[in-house]
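Encoded as structure tokens, the structure appears first; notes follow it.
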Amino acid sequence: MKKALLVIDMLNDFVEPNGALRVERAERIVPKLKALLDWARGKGIPVIYACDTHRKGVDAELALWGDHAIEGTWGAQVIEVLRPKEGDFVVKKRRYSAFFGTDLDLLLRELGVDTLILTGLVTNVCVQHTAADAFFRGYKLVVVSDCCEALTEEGHKRALEYMKAVYGAEIRTAEELMAE
Ligand code: ZN
């Protein structure tokens, strides 16, 4: 089994207080996610950031949510404390799924990855859609329950249950994962 750690949309616009589409509950996952990133790098597990990078005035999603993570802006950058390090990968996406219209699948295949560890925002939108596309492509899934968040606790929990039931995702805490 070869794993990769995927960090979805931990961007200024979603996390910072003055972000365009702030997820208030996002801040609470930052310390654990930081620890998980350091653990992965230490173990040689590839770290891949999947980042909303929208084209202003073009991307369909913006009509629903308003402008956020516009290409080239502060809002589209990964938050300072979780900045990618040398050797990490960054995949730019324009839809909820990190696979849609990106080279993520090619990257994972070239890295020999068969198991994807999912973290980031938001559990019932981009994380869940990425899980669906990963499942369709034959990847095994681990979702880190305390390294993902949603707008509400209910939305978060229901998405975890859905990914477990429908995509066979294993649900683990960061602590459990790092102890394995
Ligand atoms: Zn978006």
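Just follow the structure's listing: the first ligand is 1, and inside any ligand the first atom is 1. This is a predicted model, so every value here is computed, not measured.
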For residues 118-134, which side-chain donor-acceptor pairs fall under 3.5 Å, sequence neighbours excluded?
from, atom 1, to, atom 2, distance (Å)
T119, OG1, L6, O, 2.8
T123, OG1, E149, N, 3.3
T123, OG1, E149, O, 3.0
T123, OG1, H156, ND1, 2.8
H129, ND1, V125, O, 2.8
T130, OG1, A98, N, 3.0
T130, OG1, C126, O, 2.7
D133, OD1, R137, NH1, 3.4
D133, OD2, S97, OG, 2.5

Taking only residues at least two apart or on different chains, which pairs with a member in residues 67-76 satisfy salt bridge (charged side-chain N to carboxylate O under 4.0 Å, His left out)?
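Qualifying pairs, neighbours excluded: R55-E71, K56-D67.
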Do any protein N, O or S atoms sit under 2.8 Å from the Zn ion (ligand 1), and which ones are they?
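Short answer, with waters excluded from the count: D52 OD2, H54 NE2, E61 OE2, H68 NE2.
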What I want to find out is whether D88 reaches R41 closely enough, with some N-O distance under 4.0 Å, to be called a salt bridge.
yes
Carboxylate-amine/guanidinium contact D59 R94, below 4.0 Å:
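Counted as a salt bridge, because a side-chain N and a carboxylate O are separated by less than 4.0 Å.
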Assess the pair Y167 and Y162: is the distance between their ring centroids shorter than 6.0 Å?
yes
Quick one: name the residues clustered hydrophobically with L62, using the 4.5 Å side-chain heavy-atom rule over I, L, V, M, F, W, Y, and just say none if it's on its own.
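For the cluster that includes L62, the remaining residues are I70.
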